[in-house]
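Following: one structure in structure tokens, then a few remarks.
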Amino acid sequence: MYKIQIFQEVLSAVADETEVEQEKILSGCKQEEVVDARSLLIRLMKDKGLYPVQISKISGLNSRSVTQFLLGFTERINSRKILRINYERLKSKLGIA
């Protein structure tokens, strides 16, 4: 699967699961639910095999931000039960082991 197809598939799944619009996920919005959705997008793209630099280029997000989201993801899902539930559902939906 091409990188852009992976991105579109994951973005669509995250938007559906979190009920956050795709445009908001990719924006600079700092609302907690949007930041959580953005972190899901980044982590799931990594889980699908993309490198942080590729994620940054495809999503238009800053490379440093992508790295920070990945480094802080475990702490984020440990402190937010709904985020952990969303993550597990999305992994299943996207066929990630």
Side-chain angles (χ1 to χ4, degrees):
M1 188 178 277
Y2 296 105
K3 290 175 249 179
I4 194 72
Q5 289 175 320
I6 292 170
F7 169 70
Q8 291 170 341
E9 176 190 26
V10 174
L11 179 60
S12 178
V14 169
D16 289 345
E17 178 70 27
T18 62
E19 299 178 349
V20 176
E21 297 171 4
Q22 292 182 16
E23 295 78 22
K24 267 191 147 176
I25 294 171
L26 297 174
S27 74
C29 182
K30 303 285 188 208
Q31 291 177 335
E32 187 173 9
E33 66 180 12
V34 177
V35 174
D36 285 348
R38 193 175 302 129
S39 70
L40 282 169
L41 171 69
I42 292 168
R43 177 55 190 252
L44 290 164
M45 287 174 58
K46 180 184 182 293
D47 291 348
K48 282 286 218 175
L50 296 177
Y51 296 112
V53 172
Q54 294 171 322
I55 296 168
S56 176
K57 285 181 183 178
I58 293 169
S59 66
L61 299 170
N62 181 306
S63 184
R64 181 176 173 169
S65 295
V66 169
T67 302
Q68 291 301 316
F69 272 112
L70 291 171
L71 291 174
F73 188 77
T74 301
E75 183 179 329
R76 184 175 287 276
I77 65 167
N78 286 339
S79 65
R80 293 173 178 81
K81 184 176 180 178
I82 191 66
L83 186 62
R84 184 173 40 252
I85 292 168
N86 291 149
Y87 180 58
E88 294 302 325
R89 282 185 185 166
L90 285 163
K91 280 189 352 181
S92 176
K93 183 177 181 179
L94 295 167
I96 299 170

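- In this structure, the side chain of Glu75 does not engage the main chain of Gly72 through any donor-acceptor pair within 3.5 Å.
- The structure places CD of Glu17 at 10.5 Å from CG of Leu83, a figure rounded to the nearest 0.5 Å.
- Contact of the Lys93 side chain with the Asp16 side chain is registered, since non-hydrogen atoms from C-beta on lie closer than 4.5 Å.
- Using a 4.5 Å heavy-atom cutoff, the side chains of Arg38 and Cys29 are in contact.
- The side-chain heavy atoms of Thr18 and Asp36, taken from C-beta on, include no pair separated by under 4.5 Å.
- Grouping the Ile, Leu, Val, Met, Phe, Trp and Tyr side chains by contacts below 4.5 angstrom, directly or via other members, places Val53 apart from Ile4.
- The backbone N or O of Glu88 lies less than 3.5 Å from no partner atom in the side chain of Ser92, so there is not a single donor-acceptor pair.
- Hydrophobic clustering of Ile, Leu, Val, Met, Phe, Trp and Tyr side chains at less than 4.5 Å, counting indirect connections, unites Val10 with Ile96.
- Of all the heavy atoms in Ser63 and Ser56, the pair that sits closest is N-OG, 3.3 Å.
- Leu11 is not listed as a side-chain neighbour of Gln8, based on a closest heavy-atom distance of 4.5 Å or more.
- Criterion: ILVMFWY side-chain heavy atoms under 4.5 Å apart, direct or through other members. Under it, Val34 and Ile85 are not part of a common hydrophobic cluster.
- Summarising the geometry, atom CG belonging to Leu50 is positioned 5.0 Å from atom CD1 belonging to Ile6; distances are rounded to the nearest 0.5 Å.
- The CG atom of Leu61 sits 11.0 Å away from atom OG1 of Thr67, with the distance rounded to the nearest 0.5 Å.
- By the 4.0 Å N-to-carboxylate-O rule, Lys91 lies too far from Asp47 to be salt-bridged with it.
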| task | Take Arg43 and Phe69 through the side-chain contact (heavy atoms from CB on, under 4.5 Å) test and state the conclusion after the steps. | result | CA-CA 8 Å; Arg43 177 55 190 252; Phe69 272 112; over 6 Å; no

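- Counting only heavy atoms from C-beta outward, the side chains of Val35 and Arg76 approach each other to under 4.5 Å.
- We find the CD1-CD distance between Ile25 and Glu23 to be 9.0 Å, quoted to the nearest 0.5 Å.
- Note on Leu71 and Leu40: separate hydrophobic clusters, where clusters join Ile, Leu, Val, Met, Phe, Trp and Tyr whose side-chain heavy atoms are under 4.5 Å apart, directly or indirectly.
- Taking CG from Leu41 and CD1 from Ile55, the interatomic distance works out to 8.0 Å, rounded to the nearest 0.5 Å.
- Around atom NZ of Lys24, no more than 12 heavy atoms belonging to other residues, nucleotides or ligands sit under 6.0 Å away.
- A 4.5 Å side-chain heavy-atom check between Ser12 and Gln22 finds at least one atom pair inside the cut-off.
- Around the CZ atom of Arg89, the shell of radius 6.0 Å holds no more than 12 heavy atoms that belong to other residues, nucleotides or ligands.
- Here the closest heavy-atom approach between residue Ser59 and residue Leu26 is recorded as O-CD2, 3.9 Å.
- For Ala13 against Leu94, the heavy-atom pair with the smallest separation is CB-CD2, 4.0 Å.
- Under a 4.0 Å N-O distance rule, the pair Glu9/Lys48 qualifies as a salt bridge.
- Of all the heavy atoms in Val66 and Pro52, the pair that sits closest is CG1-O, 3.8 Å.
- For the atom pair OG (Ser39) and CD (Gln68), the distance works out to 13.0 Å, reported to the nearest 0.5 Å.
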